[in-house]
Amino acid sequence: MAEVSLKYPEVKNYIAGQHVANGQARMDVLCPLDGSRLSTLPMSGAKELDEAVKAAEAAFPAWSNMPIKERVQIFYRYRELIVANLEELAQLVHEENGKTVGEALAEVKKSVELTEFTCSLPQIVPGEIMEVSKGVECRTEHAPLGVVACISPFNFPHMVPHWSVPNALALGNCVILKPSEIVPLSAIRMADMLKEAGLPDGVFNVVHGGKEIVEAICDHPNIAAVSFVGSTKVAKIVYKRATSTLKRCVALGGAKNHLIVLPDAHEEMAATNIAASMSGCAGQRCMAAAAMVGVGAVDHIVDRLCVEARKIVPGENLGAVISKEAKERIERYINEAEAAGAKVLVDGRNAQVEGSENGFYVGATVIDHVTPDMAIAKEEVFGPVIVVIRAKDVDEAIAIENSSNYGNAASVFTQSGGMAREVMLRASAGMVGVNIGVPVPREPFSFGGWNESKFGVGDITGKSSIHFWTQLKKITTKWNPEARTNWMS
Ligand code: NAD
């Protein structure tokens, strides 16, 4: 039977500056917008990883010896390349992930901002120096770790690799990226553009595949550190396995973000922010609003939220979810909540987009009178769905937020400064917002949650990444206080 042609060339691993052909089993890369086949990728294993590690080890001495000010020159050029190719990169994210073109453009622009932070590293990374007693100086240096690995999820194919890779590289490490097997295409463009910007071969490598390659990364004796972003289930596996082989690891997991809405909240501001937060990227953001905890008389805000949710149209201002399985999972959660007595006010089940009948769409969904014991209130749905849980007062609302196993983000909507402060201080989450639906800390602040949304010390981006990707060398120097100063004579 004739092979249907693929939109993009077959994905290959990128090792030592080359796209290398490989004979492993291959998996299809599907476009969530219409179910079409975009490409195929190799499901690599320990052998391919080892080739990448060897290439990275060979590149490490020269790369780590280069002054950081020289290394970041490559990232100034890389930033320009991203900016010059914004539309093309966004189109690729749109096709492989299913988010709208506008959302994909915002994602790639975020990669630009992350790269700008990388360019600023020489200004913030210098160590400290002090004369600790007469003629004796102590100073510190941030030394790279060696070969490190970054493992990323499907929901931000371009941005999440940029959380880790540019900083790890600029700080002198050699990197192996393992992108999500569901969205491998943006990583190829990243490799090509880094090479075009002047990155020496072997400094950055990409190995494609799934579970097998992740396990091989955790086990490899010559990988010093691993950053992971994905679900909590896998974050736990990776954190335990990587640290059991004495690697440094930061593993970001899933989320269930609560927005606590007080009756005095600005109606339009609250409703539009909540609707955008729960539906942006089809709800497939670890910072998405998942539960609105309405305190007291908030019916007017729920009504307005429904008005805003009905303006969200699949295929227009709402992208696809990642797969058929994801669509079925999300709809199953809605069915179960309804069967348990919750009230579906805006129903996104069975969404269809004309001309894209094979796409994986779920419409924006608002479900009221969900109780904290329901699965949809506790588990990560990862779709354009918001549940409304009613609370009699702020204490009860905070208790509901605090009872979550997760702790990525939380927000409060109110016009009272005192109430906002109360929630800010008592929310059990790493990133907290006031009157904002998606409280992502922008650079130079760092990104990372609490509880089961993150395992490991420190955050993944911003200043925190300097400590993660380097080790401190403490140097003590003794100078002779009696030294002759008239040596010219
Ligand atoms: P995932 O955990 O399924 O996959 C993440 C990575 O782990 C992929 O590269 C995948 O190949 C690998 N993997 C999958 N199963 C594995 C296994 N059993 N053993 C070893 N490796 C395995 O996550 P996903 O579905 O790609 O992404 C969505 C999840 O990521 C959501 O839970 C979302 O909240 C989370 N996420 C969190 C953040 C954050 O900052 N906390 C950011 C983005 C996404």
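All values below were derived from every heavy atom in this structure, side-chain atoms included, with hydrogens, water molecules and symmetry-related copies excluded. Being a predicted model, the structure only gives us computed values, none of them experimental. Remember, it's 1-based here, ligands and their atoms both numbered in the order they're listed. If you read the sequence from its start, that first residue is 1, and numbering goes on from there.
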[atom] [closest protein heavy-atom partner, distance rounded to 0.1 Å]:
atom: atom 33 (C) of ligand 1; result: F382 CZ, 3.4 Å
atom: atom 2 (O) of ligand 1; result: S231 OG, 2.6 Å
atom: atom 40 (O) of ligand 1; result: F447 CE2, 3.1 Å
atom: atom 12 (C) of ligand 1; result: V214 CG2, 3.9 Å
atom: atom 35 (C) of ligand 1; result: G230 O, 3.0 Å
atom: atom 34 (O) of ligand 1; result: E380 OE2, 2.6 Å
atom: atom 22 (C) of ligand 1; result: V234 CG1, 3.4 Å
atom: atom 17 (C) of ligand 1; result: K211 CG, 3.8 Å

Under 3.5 Å, is there a donor-acceptor pair between the [X] and [Y] side chains?
X: Y8; Y: E95; result: yes
X: S356; Y: D34; result: no
X: K247; Y: T245; result: yes
X: S164; Y: S227; result: yes

_Just to be sure I'm reading this right: ignoring hydrogens, which of G210, A326, P153, G253 gets closest to atom 37 (C) of ligand 1? Compare them by their nearest heavy atoms._
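Looking at heavy atoms only, G253 sits closest to atom 37 (C) of ligand 1.
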State the atoms of ligand 1, each with its element, that fall below the 4.0 Å cut-off from a heavy-atom position in [X].
X: N155; value: 43 (C), 44 (C)
X: G254; value: 32 (O), 34 (O)
X: E181; value: 10 (C), 11 (O)
X: K178; value: 8 (C), 9 (O), 10 (C), 11 (O)

_Taking the six-membered ring for Trp, are F117 and H162 closer than 6.0 Å centroid to centroid?_
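No, the ring of F117 stays outside the 6.0 Å limit from the ring of H162, centre to centre.
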Thinking salt bridges, do [X] and [Y] make one under a 4.0 Å N-O criterion?
X: E379; Y: R329; result: no
X: K236; Y: E452; result: yes
X: K109; Y: E113; result: no
X: E51; Y: K54; result: no
X: K47; Y: D50; result: no
X: E181; Y: K211; result: no

Mark the output for [X] as yes if a heavy-atom distance to ligand 1 is under 4.0 Å, and as no if none is.
X: Y406; answer: no
X: E215; answer: no
X: S152; answer: yes
X: F156; answer: no

*Would you call the rings of F455 and Y239 parallel, tilted or perpendicular if under 30° counts as parallel and over 60° as perpendicular?*
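Taking Y239 first and then F455, their aromatic rings sit tilted (interplane angle of 30° to 60°).
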_Geometric class of the H142/H467 ring pair [parallel <30°, tilted 30-60°, perpendicular >60°]_ =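 Ring orientation, 0 to 90° scale: perpendicular.
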*Distance flag for atom 26 (O) of ligand 1, protein heavy atom under 4.0 Å*: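 So atom 26 (O) of ligand 1 has protein heavy-atom neighbours under 4.0 Å.
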*If you measure from each non-hydrogen atom of R285 to ligand 1, which part falls under 4.0 Å: side chain, backbone, both or neither?*
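Under 4.0 Å from ligand 1, R285 contributes no heavy atoms.
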For [X] and ligand 1, does the shortest N/O to N/O distance drop below 3.5 Å?
X: I237; answer: no
X: F228; answer: no
X: W163; answer: no

